[in-house]
Amino acid sequence: MQTIRDLSQLRRVRGALRGKVAFVPTMGALHAGHRRLMEIARENADHVIASIFVNPLQFAKNEDLSRYPRREEADAEMLADTGVTILWMPDAATMYPHGFATTVTVSGVSEGLCGASRLGHFDGVATVVAKLFGQIRPNIALFGEKDWQQLAVVRRMVIDLDLGISVIGVPTERDADGLALSSRNAYLSVEERRAAVALPQALDNAANTVMMDKPIRDAEAQAMQDLENAGFRIDYVAIVDSDLRPAKTLADADRIVAAAWIGTTRLIDNRAIKATA
Ligand code: PAF
């Protein structure tokens with residue numbers, strides 16, 4: 001694996017690659033969910049390029065940019081181990097040099113849910129992903145389904161801008177008790193970690209309730225109650241259709257999505273409503 005920090009070197013090395021290139025963007029602090037993304041990338045391409053860049057544009061002023069976990073050495077070891085060809089590690093000056101003035105906004109799908117409580121977050125994500133796509137020019141790109149709305153935003157952007165990249169969503173990896181793997185789980189105390197399992201449990205229960213044709217809004221309310229009982233402060237719990245709008249009937253219910261705080265840590269998760277999804 002070659003670690004590259006300089007854009008002209010990236011262009012040279014990328015230009016010499018023949019065959020299909022898969023790209024997995026990350027912000028580091030890698031876990032088994034990222035390992036799975038790399039493995040699937042490897043299975044679907046001749047070369048895998050991963051990036052590590054903690055993107056300041058997607059953090060609001062009050063968010064956790066400065067405390068976001070950074071573990072470069074361990075991350076590089078894991079990536080080399082999974083067969084990544086190139087690790088792209090730009091710094092902020094390379095990504096956003098003096099005079100940088102472009103923002104990519106994906107309206108509609110980025111506006112509700114996390115977009116409503118993290119203003120500007122998806123502009124930051126879409127801008128950095130568009131920029132990384134331009135630098136790397138991958139054939140396929142892989143994103144975890146845990147960030148369901150992010151995946152929808154990236155898919156929309158790729159279609160709208162004719163980027164010609166196949167976007168693959170990879171199912172969420174979970175701990176044995178069901179908690180979705182996330183770099184932010186590192187913030188949880190032992191007690192918070194124990195309580196956090198209520199999040200996937202509440203979503204499973206609500207999804208099962210809806211699949212029994214019970215009212216959608218009742219299932220959401222029950223999930224919120226379960227989360228509050230476990231000590232969460234809720235940002236949102238919503239059963240949505242495939243465009244991430246509030247689902248009205250079981251037929252258009254596609255996913256239950258949630259974001260909630262346990263202590264000072266904001267966790268997100270989602271679950272398919274249809275057993276086949
Ligand atoms: O999901 C993430 O880790 C980030 O949002 C991404 C896609 C790497 C963009 O910074």
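This structure is a prediction, so every number in the text was calculated from the model and none was measured. Whatever order the structure lists ligands and atoms in, that order sets their numbers, starting from 1.
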Practice problem: Check ligand 1 against P25 and write out every atom of the ligand that is under 4.0 Å from a heavy-atom position of the residue. | Solution: 8 (C)

Quiz prompt | Proximal atoms of ligand 1 relative to T26 (non-hydrogen, under 4.0 Å) | solution = 8 (C)

Quiz item: Counting from 1, what ligand 1 atoms have a heavy atom of V128 closer than 4.0 Å?
Solution: 9 (C), 10 (O)

Exercise. Would you mind telling me if ligand 1 is within reach of the side chain of V154, the backbone, both or neither, using heavy atoms under 4.0 Å?
Key: neither

Exercise. Take D64 and R184 through the salt bridge (charged side-chain N to carboxylate O under 4.0 Å, His left out) test and state the conclusion after the steps.
Key: CA-CA 10 Å; D64 56 347; R184 290 192 165 95; 2.9 Å; yes

Quiz prompt | atom 5 (O) of ligand 1: nearest protein contact (heavy atom, Å) | solution = Q150 OE1, 2.7 Å

Practice problem: Out of Q58, H34, K146, H121, indicate the one that has the non-hydrogen atom closest to atom 9 (C) of ligand 1. | Solution: Q58

Practice problem: Assess the side chains of D226 and Q222: does a donor N or O sit below 3.5 Å from an acceptor N or O? | Solution: yes

Quiz prompt | Distance-only donor-acceptor check, side chains Y68 and N55, under 3.5 Å | solution = no

Practice problem: Identify the heavy atoms of L142 and A22 that sit nearest to each other, and give their distance. | Solution: CD1-CB, 4.1 Å

Quiz item: With distance as the sole criterion, is a donor-acceptor pair present between the side chains of D123 and T105 under 3.5 Å?
Solution: yes

